[in-house]
Number of protein chains: 2
Amino acid sequence: MAATIPDEFLDLMAEKFRMLADPSRLAILRSLMAGERSVTQVVEETGRNQANVSKHLKMLAEAGLVARRKEGLQVFYKLDDPLVERLCKLVCETIVEEAQEVMDRQKKLLDGWRVKKRKE
Amino acid sequence: MAATIPDEFLDLMAEKFRMLADPSRLAILRSLMAGERSVTQVVEETGRNQANVSKHLKMLAEAGLVARRKEGLQVFYKLDDPLVERLCKLVCETIVEEAQEVMDRQKKLLDGWRVKKRKE
DNA sequence: TGACTGGTTAACCATACAGGAATATACTTC
DNA sequence: GAAGTATATTCCTGTATGGTTAACCAGTCA
């Protein structure tokens with residue numbers, strides 16, 4: 001049995017999760033999963049506008065999920081929290097499983113309907 | 001290399017994370033990690049007020065993270081998503097590690113200061 | 001039926017925050 | 001230093017949501 005989570009952790013945990021609770025930020029993180037990227041590159045890969053990406057990157061940096069490096073005019077960001085990929089992977093897998101279950105259920109329904117139809 | 005996350009997943013993933021992005025909900029889930037609980041029990045264990053707990057439980061149920069069972073006057077909830085515990089555990093561990101690092105750093109600073117002090 | 005208990009919902013307020021547009025900053029180059 | 005490029009910030013608006021209180025069910029029991 002896992003030791004119970006201490007009260008003081010709840011806020012910290014919530015904040016980590018909050019960072020991942022937005023599709024745009026997830027898109028940004030996905031882009032960074034492939035490696036270090038300049039802001040412009042992230043903008044291109046995510047299709048979000050620049051101000052937006054910049055703001056989200058700032059949040060992520062402040063939360064310690066990404067690291068910032070400036071080089072001339074450009075600013076490069078990269079993942080800086082091993083947790084991110086693991087969390088995303090886990091959730092991603094679950095979504096696939098859930099989708100699979102839904103499809104299985106639908107398939108069964110459909111098959112049942114076909115059988116019934118044939119009997120008529 | 002993990003297959004890249006499809007666009008259609010981002011919203012679903014964000015929603016999962018959003019459910020975990022609130023300290024009250026985490027407290028509720030923590031309470032349910034010990035087993036099935038009535039609303040009143042959850043209220044007692046979390047210290048949140050009843051209306052509040054009820055609303056959060058509803059959200060969690062709609063998101064499929066908990067299951068609801070009614071028995072007479074009482075309503076019992078229990079975890080219904082194997083993901084929850086794993087995600088919480090992961091995040092929890094990271095927080096511990098981060099706290100450890102901070103403490104190590106502080107200890108080093110303090111030791112350095114002590115040495116300096118002694119030399120004076 | 002009426003009182004009581006456990007849960008839910010509604011109405012409200014305050015806050016956070018995502019997105020867009022415009023502006024500002026930082027650095028490079030000419 | 002003027003112009004240009006890559007980022008950051010500010011201002012604004014709409015929306016979501018957390019918390020609280022009070023009202024509202026739904027069962028139980030007398």
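Please read all numbers here as calculations on a predicted model, not as lab measurements. Naming: A, B, ... by sequence-line order, numbering from 1 per chain.
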Notebook entry, point to check: For D:dG19, does either OP1 or OP2 sit under 4.0 Å from a side-chain N or O belonging to B:Ser24?
Noted result: yes
Next item on the list: Take the protein atom CD1 of A:Ile28 and the nucleotide atom C1' of D:dT7, then report the distance between them rounded to whole Å.
Entry: 13 Å
Check: How bent is the helix from C:dT1-D:dA30 to C:dC30-D:dG1, comparing axes over its five end pairs at each side, to the nearest 10°?
Finding: 10°
Next item on the list: Taking all heavy atoms of B:Ala14 and all of A:Leu26, pick out the closest pair and write down the distance.
Entry: N-CD1, 3.5 Å
Margin query: If you compare every side-chain N and O of A:His56 against the phosphate oxygens of C:dG19 (OP1, OP2), does one of them come in below 4.0 Å?
Written below: yes
Next item on the list: Using the side chain to side chain contact (heavy atoms under 4.5 Å, CB included) rule, pick out the option among A:Cys88, A:Pro23, A:Ser24 that qualifies with B:Leu10.
Entry: A:Pro23
Next item on the list: Could you tell me whether a side-chain N or O of B:Thr94 sits under 3.5 Å from a main-chain N or O of B:Leu90, the two making a donor and an acceptor?
Entry: yes
For nucleotides 7-13 of chain C, give me every protein contact, N/O to N/O, under 3.5 Å, one pair per line with atom names.
unit_1	atom_1	unit_2	atom_2	d
C:dG7	OP1	B:Val39	N	3.3
C:dG7	OP1	B:Val75	N	3.4
C:dG7	OP2	B:Thr40	N	3.0
C:dG7	OP2	B:Thr40	OG1	2.2
C:dG7	N7	B:Gln50	OE1	3.4
C:dG7	N7	B:Gln50	NE2	3.2
C:dT8	OP1	B:Arg68	NH1	2.3
C:dT8	OP1	B:Tyr77	OH	2.9
C:dT8	OP2	B:Ser54	OG	2.6
C:dT8	O5'	B:Ser54	OG	3.3

Notebook entry, point to check: Closest approach of A:Ser31 and A:Glu45, non-hydrogen atoms and distance?
Noted result: OG-OE1, 2.9 Å
Item checked: Euclidean distance, atom CD of residue A:Glu15 to atom P of D:dG18 [Å, nearest integer] -> 16 Å
Notebook entry, point to check: Roughly how many Å is it from CD in A:Glu62 to P in D:dA8, rounded to a whole number?
Noted result: 11 Å
Margin query: Check A:Arg69 with A:Asp80, please: is the shortest side-chain N to carboxylate O separation under 4.0 Å?
Written below: no
Notebook entry, point to check: Are OP1 or OP2 of C:dA16 and a side-chain N or O of A:Arg18 less than 4.0 angstrom apart?
Noted result: no
Next item on the list: By nearest nucleotide on DNA chain C, pick out whichever of A:Asp22 and A:Gly72 is the more 5' one.
Entry: A:Asp22
Note to self: Check B:Asp11 with B:Arg18, please: is the shortest side-chain N to carboxylate O separation under 4.0 Å?
What the structure shows: no
Notebook entry, point to check: How long is the line joining NZ of A:Lys70 and C1' of C:dC27, in whole Å?
Noted result: 7 Å
Check: Less than 4.0 Å between a side-chain N and a carboxylate O, is that true for A:Lys108 and A:Asp104?
Finding: no
Margin query: Using whole Å, what does the distance between atom C1' of nucleotide C:dA18 and atom CG of A:Leu26 come to?
Written below: 14 Å
Check: Looking at B:Met13 and A:Cys92, what are the two nearest heavy atoms and their distance?
Finding: SD-SG, 4.0 Å
Check: Given atom CZ of A:Arg69 and atom P of C:dA26, what is their separation to the nearest angstrom?
Finding: 20 Å
Notebook entry, point to check: Looking only at side-chain N and O atoms, does A:Arg25 come under 4.0 Å of OP1 or OP2 in C:dA18?
Noted result: yes
Notebook entry, point to check: Hey, are A:Lys16 and B:Glu98 close enough for a salt bridge, meaning a charged N less than 4.0 Å from a carboxylate O?
Noted result: yes
